[in-house]
**Q** 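I'd like to ask some things about the structure below.
Atoms considered below: every heavy atom in the structure, side chains included; atoms not considered: hydrogens, waters and symmetry mates. This chain uses plain numbering: 1 for the first residue, then up along the sequence. Fair warning: this is a prediction, and the values are worked out from it, not measured in the lab.
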Amino acid sequence: MIKSRSLLAGALLAVAGAASADITVTPAIVWDYDYRGISQTGGDPAAQVGLTYTHSSGYYAGAWASNVNFGPGDPEVEMDFFTGFGGGDASKSFAYDVGILYYTYVSSSDLNWLEIYAGITKGWFNAKLSYSWDFGGTSLDAYYLEGNATIPIGESGFSALGHIGWSDGSYWDDFYGNGYFDWSVGVSKAFGHITATVKYIDGSDLPDGGSDIFKTDGKAWIGISTTLPWKSE
């Protein structure tokens, strides 16, 4: 599993180096792979890498990968593929983003599923709605409504982060009885080309949550990432 992640990261870096500046690669190490307040790695760290191609028209496409832990005999690697279109100017009026995301799991294709999304951004605030008619490969629908804030703290170089999300739909009704909230607060700061983020995340509003694998209890979270190619400051 570790070797396959390293090969993928190397391949993405090689492509980025050979292509135009419209291609970026973002490797990251995170304390836990958190997905909407639910751990995807049983509370363990994750190595992640993403590649994004962005055209001047606003069209973009890319791929993202991470290790996962769904218990014995289940997939160890998640690979996602996405494409969409964005436009507008968040600093002057509104920016928008619409797209589709395909979640895939190596050696467990029965879990693969599609999701569509649409979001708007104004200044430091972003709102986004995601919807799937086959959440987790179950043929049940689910949606996720979220709000995100990234607020610069004066001239310190730090940004305050806030997030709240609501998950609902027939998937959550059938398996858990109703939907649930997740939320987080934190700070981030860039140190040269490296960005460090510290957050507190809580998804414990999920009914019957907090299992040994899919942990939802409140937790401290740390992430370190960079985006390549590095640009001159």
**Q** Nearest 0.5 Å please: distance from the NZ atom of Lys215 over to the CG atom of Asp44.
**A**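 One gets 8.5 Å once the value is rounded to the nearest 0.5 Å.
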
**Q** What's the spacing between Trp124 CH2 and Thr150 OG1 if we round to 0.5 Å?
**A** 9.5 Å

**Q** Quick one, Tyr96 and Thr121 - any side-chain contact, counting heavy atoms below 4.5 Å?
**A**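 The answer is no, as the side chains (C-beta and beyond) never meet within the 4.5 Å cut-off.
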
**Q** Do Arg36 and Glu115 sit within salt-bridge range, that is, some charged N less than 4.0 Å from a carboxylate O?
**A** yes

**Q** Identify the heavy atoms of Asp202 and Ser204 that sit nearest to each other, and give their distance.
**A** OD1-OG, 2.5 Å

**Q** Going through the checks in order, is the side-chain hydrogen bond (donor to acceptor under 3.5 Å, both in side chains) test met by Ser170 and Asp141?
**A** CA-CA 5 Å; Ser170 59; Asp141 76 328; 2.4 Å; yes

**Q** Taking atom OG of Ser159 and atom CG of Leu161, what is their separation to the nearest 0.5 Å?
**A**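 Separation between the atoms: 6.5 Å.
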
**Q** Are Leu111 and Trp113 side-chain neighbours, meaning at least one heavy-atom pair lies under 4.5 Å?
**A** no

**Q** Under a single-linkage rule joining Ile, Leu, Val, Met, Phe, Trp and Tyr whose side-chain heavy atoms are separated by less than 4.5 Å, which residues share a cluster with Tyr144?
**A**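 Listed partners: none, Tyr144 stands alone.
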
**Q** Check the hydrophobic clustering (I, L, V, M, F, W, Y; side-chain heavy atoms under 4.5 Å; chains of links allowed) and say if Phe175 and Leu206 are grouped together.
**A**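 Yes, it is one cluster - the side chains of Phe175 and Leu206 are joined through contacts under 4.5 Å.
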
**Q** Does a side-chain heavy-atom distance below 4.5 Å link Thr52 with Phe82?
**A**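 A side-chain contact exists here, since the closest heavy-atom pair is under 4.5 Å.
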
**Q** Same cluster or not: are Trp221 and Trp64 linked, directly or through other Ile, Leu, Val, Met, Phe, Trp or Tyr residues, by side-chain heavy atoms under 4.5 angstrom apart?
**A** no

**Q** Hydrophobic clustering (ILVMFWY, side-chain heavy atoms < 4.5 Å, transitive) - are Tyr180 and Leu140 grouped together?
**A** yes

**Q** Can you find a pair of side-chain heavy atoms, one from Leu114 and one from Ile100, that are under 4.5 Å apart?
**A** yes

**Q** What distance do Lys122 atom NZ and Ile120 atom CD1 have between them, rounded to the nearest 0.5 Å?
**A**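 Going from the NZ atom of Lys122 to the CD1 atom of Ile120 covers 10.5 Å.
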
**Q** Tell me, with the steps shown, if Ile201 and Trp183 meet side-chain contact (heavy atoms from CB on, under 4.5 Å).
**A** CA-CA 6 Å; Ile201 300 172; Trp183 60 273; over 6 Å; no

**Q** Looking at OH of Tyr53 and OG1 of Thr83, how far apart are the two atoms once the value is rounded to the nearest 0.5 Å?
**A**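 So the gap between those two atoms works out to 10.5 Å.
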
**Q** Roughly how far apart are Glu146 CD and Leu129 CG, rounded to 0.5 Å?
**A** 9.0 Å

**Q** Who pairs with Tyr33 by side-chain hydrogen bond (donor to acceptor under 3.5 Å, both in side chains), at least two apart in sequence or on another chain?
**A**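 Testing Tyr33 for side-chain hydrogen bond (donor to acceptor under 3.5 Å, both in side chains), a comparison that skips the adjacent residues, returns Glu78.
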
**Q** With side-chain contact (heavy atoms from CB on, under 4.5 Å) as the test, would you mind laying out the steps for Thr195 and Thr197 before giving the verdict?
**A** CA-CA 7 Å; Thr195 299; Thr197 303; 4.2 Å; yes

**Q** Looking at every heavy atom in both Pro75 and Ser108, which two are closest together, and how far apart are they?
**A**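 Smallest heavy-atom distance, with atoms named: CD-OG, 3.3 Å.
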
**Q** Of all the heavy-atom pairs spanning Ala95 and Ala90, show the shortest one and how long it is.
**A**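 Looking at all heavy atoms of both residues, the closest pair is CB-N, 3.7 Å.
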
**Q** Using modelled atom types only, decide if a donor and an acceptor are shared between the side chain of Thr104 and the backbone of Met79 within a distance under 3.5 Å.
**A**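 Here the side-chain-to-backbone pair exists.
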
**Q** Excluding sequence neighbours, so at least two apart, what forms side-chain contact (heavy atoms from CB on, under 4.5 Å) with Trp166?
**A** Tyr143, Asp168, Phe181, Asp205

**Q** Do the non-hydrogen side-chain atoms of Thr26 and Thr226 ever get within less than 4.5 Å of each other?
**A**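 A side-chain contact is absent here, since even the closest heavy-atom pair is not under 4.5 Å.
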
**Q** Of all heavy-atom pairs between Val77 and Val68, which one has the smallest distance, and what is that distance?
**A** N-CG2, 3.8 Å

**Q** Checking side-chain contact (heavy atoms from CB on, under 4.5 Å) for the pair Tyr102/Asp80: CA distance, chi angles, key distance, verdict?
**A** CA-CA 6 Å; Tyr102 185 43; Asp80 303 339; over 6 Å; no

**Q** Take Ile23 and Leu51 through the test side-chain contact (heavy atoms from CB on, under 4.5 Å) and record every step on the way to the result.
**A** CA-CA 7 Å; Ile23 293 180; Leu51 179 150; 4.1 Å; yes

**Q** Which heavy-atom pair separates Ser39 from Asp32 by the least distance, and what is that distance?
**A**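 Here Ser39 and Asp32 meet closest at OG-OD1, 2.7 Å.
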
**Q** Answer yes if Phe158 and Phe125 sit in the same cluster of Ile, Leu, Val, Met, Phe, Trp and Tyr residues linked by side chain heavy atoms under 4.5 Å apart, and no otherwise.
**A**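 Hydrophobic grouping puts Phe158 apart from Phe125.
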
**Q** Do Val30 and Gln48 come within less than 4.5 Å of each other through their side chains, counting heavy atoms only?
**A**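 Touching, per the 4.5 Å side-chain cut-off.
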
**Q** Is Asn112 close to Tyr105 at the side-chain level, that is, under 4.5 Å between some pair of heavy atoms?
**A** yes

**Q** Taking the six-membered ring for Trp, are Phe214 and Phe70 parallel (under 30°), tilted (30 to 60°) or perpendicular (over 60°)?
**A** tilted

**Q** Answer yes or no on whether Lys219 is positioned over the face of Tyr200, meaning its NZ or CZ is under 6.0 Å from the six-membered ring centre and within 45° of the axis.
**A** no

**Q** Please check: side-chain N/O of Asp182 versus main-chain N/O of Gly203, any donor-acceptor pairing under 3.5 Å?
**A**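 No, the answer is negative, given that no donor and acceptor are paired below the 3.5 Å cut-off.
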
**Q** Take Ser91 and Asp89 through the test side-chain hydrogen bond (donor to acceptor under 3.5 Å, both in side chains) and record every step on the way to the result.
**A** CA-CA 6 Å; Ser91 63; Asp89 188 335; 2.6 Å; yes

**Q** What closest approach, in Å, do Ala47 and Asn67 show between heavy atoms, and which atom pair accounts for it?
**A** N-OD1, 2.8 Å

**Q** Is it possible for you to say whether Trp31 and Ile38 belong to one hydrophobic cluster, with membership spreading through side-chain heavy-atom contacts below 4.5 Å?
**A** no

**Q** Would you say CG of Asp212 has more than 12 non-hydrogen atoms from neighbouring residues, nucleotides or ligands within 6.0 angstrom?
**A** no

**Q** Let me see the working for Phe135 and Trp172 under ring-ring contact (aromatic ring centres under 6.0 Å, His included), right down to the final yes or no.
**A** CA-CA 10 Å; Phe135 188 82; Trp172 300 106; 5.6 Å; yes

